[in-house]
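As structure tokens, the structure follows; a few thoughts come after it.
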2 protein chains.
Amino acid sequence: MSKKQTYSIGELAREFDVTTRTIRFYEDQNLVNPARRGQTRVYSPADRVTLKLILRGKRLGFSLAESRELIQMYQPSGDNRNQLLALQDKIQQRRDQLNQQLRDIQALQQELDDADQRCEDALTALEKPDHV
Amino acid sequence: MSKKQTYSIGELAREFDVTTRTIRFYEDQNLVNPARRGQTRVYSPADRVTLKLILRGKRLGFSLAESRELIQMYQPSGDNRNQLLALQDKIQQRRDQLNQQLRDIQALQQELDDADQRCEDALTALEKPDHV
DNA sequence: GGGGAAGTTTACGTTAACGTAAAGTATGCG
DNA sequence: CGCATACTTTACGTTAACGTAAACTTCCCC
């Protein structure tokens, strides 16, 4: 049972390599809402997960608004039918976007491989100016 | 032989669903450099490809500076050894980042699948309030 | 009890990537 | 010819996502 139950803002900042300003900014945007002990913020494991999701979103080029939406998707409130259907629609849109990103990444990987190969060729050409 | 050899700014804007302002901005940032016929810009197929690469980069969350770097990677000037090695280093960094994005996407896809499933469950639960 | 480390609030500053508006030019058409 | 359409330049405006600075409190430690 070594799992910490709470975190300070500094701990999280170090773990995720962001500034405390960034974490406070996310709170301002209602992305996390830590408890307080006096003035001091006290973060729960849930807050930590939320942070992780936001940063993953950033790596994929999502705005904070988009990440917020994604996070909310994970908690379908005991909603009404229409809201659930709307949610499924958004989920499908995200899936489409992710598939597009996958295709983009694969194309880019191929091009990087080619570029790397051209580097290799140029380097060996430097070693042997002629076919010795 | 139906391949167009030149494009107007309006054509490209329509094709890629961006504004002409955006394309001129990219020129300002030295990402494309169209020819001129009088005052009017005339874009080549190469310019069009560059635009395509920039927009793909955007879908992956790249800044214009990053996309510029990527595009330059495709044309290793008959460089000196050190520059080629530095280029290979950058290529490897990009590859690492792309692999991270791949992992992020896969995790997100799984979570979206789960969220979708929970929607389905909630919906069927709405149909049959009890197990009839 | 003086200081250093980590926390806090408040507030103005900054950068990227365009948006938007104004005012002018060139070209085809009925 | 007059007008619409598409192009041009110039320039100020805007939004997101923090950075940065100032001034303050709290806690711990020797």
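Because the structure is predicted, anything quoted here is derived from the model rather than measured. In what follows, every chain begins at residue 1, and chains take the letters A, B, ... in the order their sequences are listed.
Remark: B:R36 CZ is packed, more than 12 non-hydrogen atoms of other residues, nucleotides or ligands lying under 6.0 Å away. The local environment of CG in B:D17 is sparse, with at most 12 non-hydrogen atoms from other residues, nucleotides or ligands closer than 6.0 Å.
Side-chain atoms of B:D104 and B:Q100 include a donor-acceptor pair closer than 3.5 Å. Between the side chains of B:R94 and B:Q97, at least one donor-acceptor pair of N or O atoms lies under 3.5 Å. Looking only at atom types and distance, the side chain of B:R103 has no donor-acceptor partner in the side chain of B:Q106 under 3.5 Å away. A side-chain N or O of B:Q117 and one of B:D121 form a donor-acceptor pair less than 3.5 Å apart.
Non-hydrogen atoms lying under 4.0 Å from DNA chain C are contributed by B:K58, B:S63, B:L64, all within residues 53-66 of chain B.
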N/O-N/O pairs, protein side and nucleotides 4-7 of chain D side, under 3.5 Å:
residue	atom	partner	partner atom	Å
D:dC7	OP1	B:S8	OG	3.1
D:dC7	OP1	B:G10	N	3.3

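In this view, A:N33 satisfies the side-chain hydrogen bond (donor to acceptor under 3.5 Å, both in side chains) rule with no residue, not counting sequence neighbours.
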Walk me through it: do B:D114 and B:Q110 pass the test side chain to side chain donor-acceptor pair (under 3.5 Å)?
CA-CA 6 Å; B:D114 294 353; B:Q110 180 61 51; 3.0 Å; yes
Are A:E127 and B:R81 close enough, and set up right, to give a salt bridge (Lys or Arg N to Asp or Glu O under 4.0 Å), and what steps lead you there?
CA-CA 10 Å; A:E127 306 272 340; B:R81 181 179 170 77; 3.3 Å; yes
Output, in order, the C-alpha distance, side-chain angles, deciding distance and verdict of side chain to side chain donor-acceptor pair (under 3.5 Å) for B:D116 and A:Q92.
CA-CA 9 Å; B:D116 194 33; A:Q92 187 54 44; over 6 Å; no
Do any side-chain atoms of residues 49-57 of chain A form donor-acceptor pairs under 3.5 angstrom with protein atoms, and if so which ones, sequence neighbours left out?
residue	atom	partner	partner atom	Å
A:T50	OG1	A:A46	O	3.1
A:R56	NH1	B:E111	OE2	3.0
A:R56	NH2	B:E111	OE1	2.8

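Taking a heavy-atom distance under 4.0 Å as the criterion, the stretch of DNA chain C touched by chain A extends 5' to 3' from C:dG7 to C:dA11.
A:V42 and A:Y26 fall into different hydrophobic clusters, where Ile, Leu, Val, Met, Phe, Trp and Tyr are joined by side-chain heavy atoms under 4.5 Å apart, directly or via other members.
Among the protein residues, B:R37 comes within range of no part of the nucleic acid, since none of its heavy atoms lies under 4.0 Å from any strand.
Within the helix from C:dG1-D:dC30 to C:dG30-D:dC1, the inter-axis angle between the opening and closing five-pair segments is 0°, rounded to 10°.
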